[in-house]
2 protein chains.
Amino acid sequence: MNVKRNFSAKREAIYEALASTKSHPTAEWVYNKLKPDIPDLSLGTVYRNLTVFKEGGLVKSVGVVNGQERFDADMSPHPHFICTSCCKVMDIPGGKLFFDMNAYDHILKEYGARVKSHSLTFYGICHECAEKKDE
Amino acid sequence: MNVKRNFSAKREAIYEALASTKSHPTAEWVYNKLKPDIPDLSLGTVYRNLTVFKEGGLVKSVGVVNGQERFDADMSPHPHFICTSCCKVMDIPGGKLFFDMNAYDHILKEYGARVKSHSLTFYGICHECAEKKDE
DNA sequence: TGGTAAATGATAATCATTATCAAGAAAACT
DNA sequence: AGTTTTCTTGATAATGATTATCATTTACCA
């Protein structure tokens with residue numbers, strides 16, 4: 001029996017690029033990161049594989065920020081902070097402190113809707129941008 | 001002194017269209033809703049005014065669903081449920097039950113980031129779509 | 001009445017994303 | 001090893017939502 005390889009070299013590289021950063025990058029960022037090492041990489045391939053990952057539950061979308069979708073390979077439920085000035089996306093670990101998991105049950109009972117996931121996002125001005133304004 | 005009108009007739013109509021529905025519509029929806037009554041309305045005007053409203057804090061974005069931005073004239077903080085099957089966006093009133101406002105303070109202390117707003121969104125399958133699948 | 005600034009319609013441009021399609025690599029099966 | 005089938009990719013074109021442009025109109029106020 002042959003060994004079935006699940007990931008092509010490029011698919012693997014795209015996933016690793018995503019998993020190795022906390023910057024919640026765009027497709028373009030992943031492409032530019034890998035392009036020097038993989039000169040024959042195509043932007044379409046990055047988009048295609050990000051879709052594959054999303055559908056396979058390996059990666060999730062943080063939403064569209066400034067017109068570009070942002071991705072996260074950390075599948076554990078956690079909130080994000082998005083700076084509306086510089087568009088940086090930060091993880092907020094320990095999000096369980098702010099969120100009541102009874103919500104899923106409540107929505108099912110009250111609306112008959114089956115919740116599969118949720119996202120909690122904070123918007124504001126990050127530390128760095130706040131300091132810049134003070135200058 | 002003349003009465004200063006803050007809203008042009010079209011701006012007013014666009015806001016009213018948004019405020020009169022709970023469907024969290026797209027720009028296109030607003031345009032199609034108003035076009036019969038205001039035949040010389042332009043789609044660009046709808047986009048322009050939605051931007052004006054967002055900047056003025058009269059309207060907020062629910063995010064990009066299926067490639068189109070969805071808007072909400074209800075500025076009170078409340079969670080949303082988005083059906084990943086039909087892309088319907090529902091309000092979930094009473095969201096305070098699920099969310100701890102200490103989060104704002106926590107993020108300021110821990111990250112030096114000043115939170116101005118947040119959004120809590122649930123994803124799943126709505127009641128109607130669940131029934132359709134059973135058929 | 002005239003002047004300035006805001007708002008708009010029509011249209012073109014932008015730009016992130018998706019579709020297409022032919023070619024290449026891997027796997028499966030003989 | 002050869003053959004067939006399926007998966008993956010690069011290059012490129014197409015899509016489609018949103019934004020910019022610009023000439024024109026409208027509101028406002030002296």
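A, B, ... follow the sequence lines: proteins, then strands. Residue 1 opens every chain. None of the values given here were measured: they were computed from a predicted structure.
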Only counting residues at least two apart or in another chain, list the ones meeting side chain to side chain contact (heavy atoms under 4.5 Å, CB included) with [X].
X      : result
A:E110 : A:H106
A:T45  : A:I14, A:L41, A:S42, A:R48, A:N49
B:E16  : B:E12
B:D74  : B:D72, B:S76, B:H78

Suppose we screen for salt bridge (Lys or Arg N to Asp or Glu O under 4.0 Å). Which residues come up paired with A:K10, at least two apart in sequence or across chains?
A:D40

B:K54: salt bridge (Lys or Arg N to Asp or Glu O under 4.0 Å) partners, not counting sequence neighbours:
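Result, salt bridge (Lys or Arg N to Asp or Glu O under 4.0 Å) vs B:K54: B:E69.
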
Under 4.0 Å between a side-chain N or O of A:S8 and OP1 or OP2 of D:dT9?
yes

Tell me, which pairs form a ring-ring contact (aromatic ring centres under 6.0 Å, His included) where one or both residues lie in residues 23-50 of chain A, sequence neighbours left out?
A:H24-A:H80

Using a 4.0 Å cut-off on heavy atoms, which residues in [range] reach DNA chain D? List them by number, or say none.
range                     : answer
residues 44-54 of chain B : B:Y47, B:R48
residues 20-35 of chain B : none
residues 63-75 of chain B : B:G67, B:Q68, B:E69

Partner set under side-chain hydrogen bond (donor to acceptor under 3.5 Å, both in side chains) for B:T21, not counting sequence neighbours
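With sequence neighbours excluded, B:T21 shows a side-chain hydrogen bond (donor to acceptor under 3.5 Å, both in side chains) to B:S23, given in chain and number order.
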
Considering all heavy atoms of both residues, which atom of B:A19 and which atom of B:A73 are nearest to each other, and what is their separation?
CA-CB, 3.7 Å

Where at least one partner belongs to residues 83-94 of chain A, residue pairs that pass salt bridge (Lys or Arg N to Asp or Glu O under 4.0 Å), sequence neighbours excluded
A:K88-A:E128

Measure [atom1]/[X] against [atom2]/[N] and give the value in whole Å, please.
X     : N      : atom1 : atom2 : answer
B:E12 : C:dT8  : CD    : P     : 12 Å
A:R11 : D:dC7  : CZ    : C1'   : 8 Å
A:K10 : C:dA23 : NZ    : P     : 17 Å
B:L43 : D:dA17 : CG    : P     : 10 Å
A:F7  : D:dT9  : CZ    : C1'   : 16 Å
B:L41 : C:dT8  : CG    : P     : 9 Å

A:F122 vs A:F98 aromatic rings, parallel, tilted or perpendicular, using cut-offs 30° and 60°?
perpendicular

